[in-house]
Asker: 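Dumping the structure here so I can ask a few things about it.
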Amino acid sequence: MHFDDDNDSEEYHESFPPHMSMGGSQRRHGGYHARHDRSTSTFLPWSNGSVLDHICTVILAICLVLGGLVKAGVIKPSSAASRDTSITYAQGMPSSRPSSSSSSPTQQDATDSASSDSSDSTGLIGYRYDSSDQYHQYVNEIKAMHDKYHAMPAAQINEYVKALSDAQSAIDTWLRTLDHMLEATSYGDARRSMNRDAATTYYNAKLTDLHQLEYDFKINRAYRISIETNTTATGSYFEIVFSQDESHHAPSPQQLDTIEQQIAAFQGQPGQDGTYMQSGEQMLSIAGLHADYDFQSIGNYCPSMTTDQYTFAAYCEKKTDTVFVNTGHEAYPYVVRSPQYLDELRHEIAHYLVYSRCDTVVPPLHVEIEGMTNSYAVMYLGANRDTLNSTGASFPAYAMNEQTDQAAASAHAGTCVVD
C-alpha cells in the first residue's frame with residue numbers, strides 16, 4: 001500500500017491582518033467662531049468662512065456619523081482577509097465510497113445578524129455558533145483525540161498502519177494533522193445566525209466528519225482535510241473541511257449480500273478446453289470483476305505487491321474491478337482444470353468484498369489478513385474449507401481458525417476496526 005503526503009511544507013501559517021475599526025474613537029476640536037451680520041456659524045479650526053470650509057465640515061460630519069454606525073454594527077466594513085490554510089494529507093489507498101456526510105452545510109445561513117432576542121454585550125445580534133453545545137462537544141472531541149493519539153504507545157498506534165510500507169510516516173502525518181486541528185480551534189466561531197438551530201445542525205455534521213476521519217486513519221484509507229481560519233467583522237472562526245476520494249463507488253451492503261449468495265450458489269463446469277477458465281470469468285462477473293492474465297501488470301497499480309512464482313492470483317485495491325491471475329504459476333496448468341480454480345478465485349473475490357464493506361483489504365482486526373480472507377470465502381462465498389486450508393500448511397498466514405472466522409464475520413457485518 002502507498003502513503004502519500006500532499007503537504008510539502010511543515011509550516012502552518014496563521015497570520016491575519018488586524019481588524020480595523022472605523023469610528024472607534026472620537027476627538028473633539030475647539031470651535032472657532034466668526035460673527036456675521038445674519039448668522040453665527042462654527043467652522044473648523046482652520047476655517048475662514050469660505051464655501052470650501054463648509055464642504056469640509058459636512059464631509060467630516062458624514063465620516064463621524066458613518067463611523068458611529070460601523071461601531072454600532074449597523075454598517076459593517078469589508079471583512080479582513082480570510083486565511084485558507086489548506087493542509088492536505090493523503091494516506092493509504094483510494095476510498096471505496098464517498099463520505100456519508102458532506103463536510104458542511106451551506107454557509108449562507110452563517111450570517112452576522114439574527115433575531116433581536118439574541119443580542120449580547122457587543123451590541124451585535126444573533127445566535128453565536130460557539131455558544132452551542134455541539135460546538136463545545138466538537139472542540140472537546142478534537143482535543144481528546146489529539147491527546148489520545150499523542151499519548152498512545154508506539155506499538156498500539158502501529159497496529160493501525162503496520163500494513164503500510166511507510167508506517168512511521170503515516171503516524172507522523174496523523175499526529176501532525178491532529179496538532180493543526182487542535183491549533184485551529186483557538187479561533188473559536190464568532191459567526192451568527194438568525195436560526196437558533198443552525199449551529200447545532202452544522203456541528204452535528206462536523207462531528208460525523210471527525211469520527212469518519214479517525215476511522216479512515218485506522219483502516220489506512222486516504223483521508224484529506226483542509227483547515228481554514230477566517231476573520232469577519234464579528235470575529236474569527238475555523239473550519240475543518242473533510243473530503244474523500246470518490247473514484248470508486250462500492251455496492252450497497254444489500255447488493256453485496258446478493259452478490260455473495262449468487263457466488264455461493266454458482267456451480268462452475270469445465271469448458272470445451274477442459275479448464276474452468278470460462279466458469280471463473282462468469283463467476284467474477286457476478287461481482288462486477290474481470291480477470292487479467294498479465295500477472296506482472298499488477299505492478300502498474302500496486303508496486304509493492306510481489307509477483308513471485310508462489311502467488312497464484314492477487315487483488316489490488318487500486319484496480320478495484322480486476323483479479324490478476326498468474327498463468328505462469330507452476331501449479332496453474334492442473335489447478336485451472338480443477339474446481340479448486342474457482343475456490344482460488346473466491347478467495348480473491350473475498351478480498352474485493354472485504355474492501356467494499358470496510359474500505360480496505362486489511363482491516364485492523366488483529367488476525368492474519370489472508371487467513372481472514374480464506375474464512376470469508378468459505379463462510380460467505382461457498383469455498384471449500386479443506387481446499388483453501390491446505391495452503392496454510394506451506395503458508396501459515398493463510399491458515400483458518402476460530403479467530404479468522406470471527407474476524408470474517410466482523411468484516412461482513414461492517415465492523416472493521418477492533419481497538
Asker: For the pair T275 and D273, evaluate side chain to side chain donor-acceptor pair (under 3.5 Å) and give the outcome as yes or no after the intermediate values.
Answerer: CA-CA 6 Å; T275 75; D273 61 356; 3.0 Å; yes
Asker: Working note: D292 + V323, criterion side chain to side chain contact (heavy atoms under 4.5 Å, CB included); need CA distance, chi angles, decisive distance, verdict.
Answerer: CA-CA 6 Å; D292 187 334; V323 169; over 6 Å; no
Asker: Would you say I219 and C358 make side-chain contact, with heavy atoms under 4.5 Å?
Answerer: no
Asker: Applying the side-chain hydrogen bond (donor to acceptor under 3.5 Å, both in side chains) criterion to Q212, which one of D216, T208, D209 satisfies it?
Answerer: D216
Asker: On the six-membered ring of Y352, is R357 placed so that its NZ or CZ lies under 6.0 angstrom from the centre and within 45° of the ring axis?
Answerer: no
Asker: Taking Y127's backbone N and O only, do any of them form a donor-acceptor pair with S131's side chain (distance below 3.5 Å, no angle check)?
Answerer: no
Asker: Nearest heavy-atom pair of S132 and H136: which atoms, and what distance?
Answerer: O-CD2, 3.1 Å
Asker: Could you state the interatomic distance from CG (L178) to CG (L182), rounded to the nearest 0.5 Å?
Answerer: 8.5 Å
Asker: Would you indicate whether the side-chain heavy atoms of Q282 and F266 approach each other to under 4.5 Å?
Answerer: yes
Asker: For Y293, does the OH atom have more than 12 heavy-atom neighbours from other residues, nucleotides or ligands under 6.0 Å away?
Answerer: yes
Asker: So how far is it from M372 CE to D405 CG, rounded to the nearest 0.5 Å?
Answerer: 11.0 Å
Asker: If only atom types and distance count, is the side chain of E348 paired as donor or acceptor with the main-chain N or O of Y315 below 3.5 Å?
Answerer: yes
Asker: Answer yes when K206 and D189 have at least one side-chain N-carboxylate O distance shorter than 4.0 Å, and no when they do not.
Answerer: no
Asker: For the residue pair M181 and H146, establish whether any side-chain heavy-atom pair is separated by less than 4.5 Å.
Answerer: no
Asker: Run the side chain to side chain donor-acceptor pair (under 3.5 Å) check on E260 and Y376 step by step: do they pass?
Answerer: CA-CA 10 Å; E260 291 172 355; Y376 197 104; 2.4 Å; yes
Asker: When you compare the side chains of Y149 and E214, does any donor N or O come within less than 3.5 Å of an acceptor on the partner?
Answerer: yes
Asker: For A377 versus L388, what's the shortest heavy-atom pair and its separation?
Answerer: CB-CD1, 4.0 Å
Asker: Using modelled atom types only, decide if a donor and an acceptor are shared between the side chain of Q255 and the backbone of S252 within a distance under 3.5 Å.
Answerer: yes
Asker: Look only at the side chain of T373 and the backbone of A350, and say whether a donor-acceptor pair between them is shorter than 3.5 Å.
Answerer: no
Asker: If we only count heavy atoms from C-beta on, is the I369 to V361 side-chain gap below 4.5 Å?
Answerer: no
Asker: Using only atom types and a distance under 3.5 Å, with no angle test, would you say the side chain of N158 pairs donor to acceptor with the backbone of A154?
Answerer: no
Asker: Quick one: does N401's side chain have a donor or acceptor within less than 3.5 Å of a partner on T404's backbone?
Answerer: yes
Asker: Check whether any side-chain N or O of S297 sits under 3.5 Å from a backbone N or O of D294 as a donor-acceptor pair, and report yes or no.
Answerer: yes
Asker: Any chance the rings of Y202 and Y129 have centres within less than 6.0 Å?
Answerer: yes
Asker: Should the pair W174 and F217 be assigned to parallel (<30°), tilted (30 to 60°) or perpendicular (>60°) ring geometry?
Answerer: parallel
Asker: Between H290 (side chain) and D321 (backbone), is there a donor-acceptor pair under 3.5 Å?
Answerer: yes
Asker: At their closest point, which heavy atom of V325 faces which heavy atom of A291, and how far apart are they?
Answerer: CG2-CB, 4.3 Å
Asker: Around atom CD of E330, are there more than 12 heavy atoms of other residues, nucleotides or ligands at under 6.0 Å?
Answerer: no
Asker: Go through it in stages, so that I can follow the logic: the residues are M283 and L345, the test is side chain to side chain contact (heavy atoms under 4.5 Å, CB included), and I'd like the CA-CA distance, side-chain angles, deciding distance and then a yes or no.
Answerer: CA-CA 9 Å; M283 187 175 66; L345 293 184; 3.8 Å; yes
Asker: Working note: F238 + I227, criterion side chain to side chain contact (heavy atoms under 4.5 Å, CB included); need CA distance, chi angles, decisive distance, verdict.
Answerer: CA-CA 7 Å; F238 75 97; I227 301 175; 5.8 Å; no
Asker: Judged by atom type as modelled, is there a donor-acceptor pair below 3.5 Å linking the side chain of R191 to the main-chain atoms of D130?
Answerer: no
Asker: What distance do Y355 atom OH and T320 atom OG1 have between them, rounded to the nearest 0.5 Å?
Answerer: 6.0 Å
Asker: Test side chain to side chain donor-acceptor pair (under 3.5 Å) on N326 and T311 and set out the steps.
Answerer: CA-CA 7 Å; N326 185 7; T311 305; over 6 Å; no
Asker: Between CD of Q137 and CG of D133, what distance do you get to the nearest 0.5 Å?
Answerer: 8.5 Å
Asker: Taking C-beta and beyond as the side chain, do F312 and Q340 meet within less than 4.5 Å on heavy atoms?
Answerer: no
Asker: What about the rings of Y203 and Y138, do their centers lie closer together than 6.0 Å?
Answerer: yes
Asker: Can you name the residues that form a salt bridge (charged side-chain N to carboxylate O under 4.0 Å, His left out) with R337, not counting sequence neighbours?
Answerer: none
Asker: Are the side chains of N374 and V378 in touch, meaning some heavy atoms are under 4.5 Å apart?
Answerer: no
Asker: Rounded at 0.5 Å granularity, tell me how far CD in E317 sits from CG in D359.
Answerer: 9.5 Å
Asker: Please determine if D179 and R176 form a salt bridge, counting it only when a charged side-chain N lies under 4.0 Å from a carboxylate O.
Answerer: no
Asker: Walk me through it: do S410 and T415 pass the test side chain to side chain donor-acceptor pair (under 3.5 Å)?
Answerer: CA-CA 5 Å; S410 293; T415 303; 5.7 Å; no
Asker: Less than 4.5 Å apart, side chain to side chain, heavy atoms only: is that true for C316 and T322?
Answerer: no
Asker: Decide yes or no on side chain to side chain contact (heavy atoms under 4.5 Å, CB included) for F324 and F295, but give the supporting numbers first.
Answerer: CA-CA 5 Å; F324 294 87; F295 191 63; 3.8 Å; yes
Asker: So for atom CD, which belongs to Q168, do other residues, nucleotides or ligands contribute more than 12 heavy atoms lying within a distance under 6.0 Å?
Answerer: yes
Asker: First locate atom CD1 of I157, then atom NZ of K218, and finally report the distance between them rounded to the nearest 0.5 Å.
Answerer: 10.5 Å
Asker: Going by the angle between their ring planes, with limits at 30° and 60°, are H347 and H351 parallel, tilted or perpendicular?
Answerer: perpendicular
Asker: What heavy-atom pair brings M400 and G371 nearest, and what distance separates the two atoms?
Answerer: CG-O, 3.6 Å
Asker: Closest heavy-atom contact between Y276 and G268?
Answerer: CE2-O, 3.7 Å
Asker: How are the rings of Y398 and F395 set relative to one another: parallel (under 30°), tilted (30 to 60°) or perpendicular (over 60°)?
Answerer: perpendicular
Asker: When you check the gap from the basic side-chain N to the acidic O, do E141 and K148 get nearer than 4.0 Å?
Answerer: no
Asker: Search all heavy atoms of P363 against all heavy atoms of C416 and return the closest pair with its distance.
Answerer: CB-O, 3.3 Å
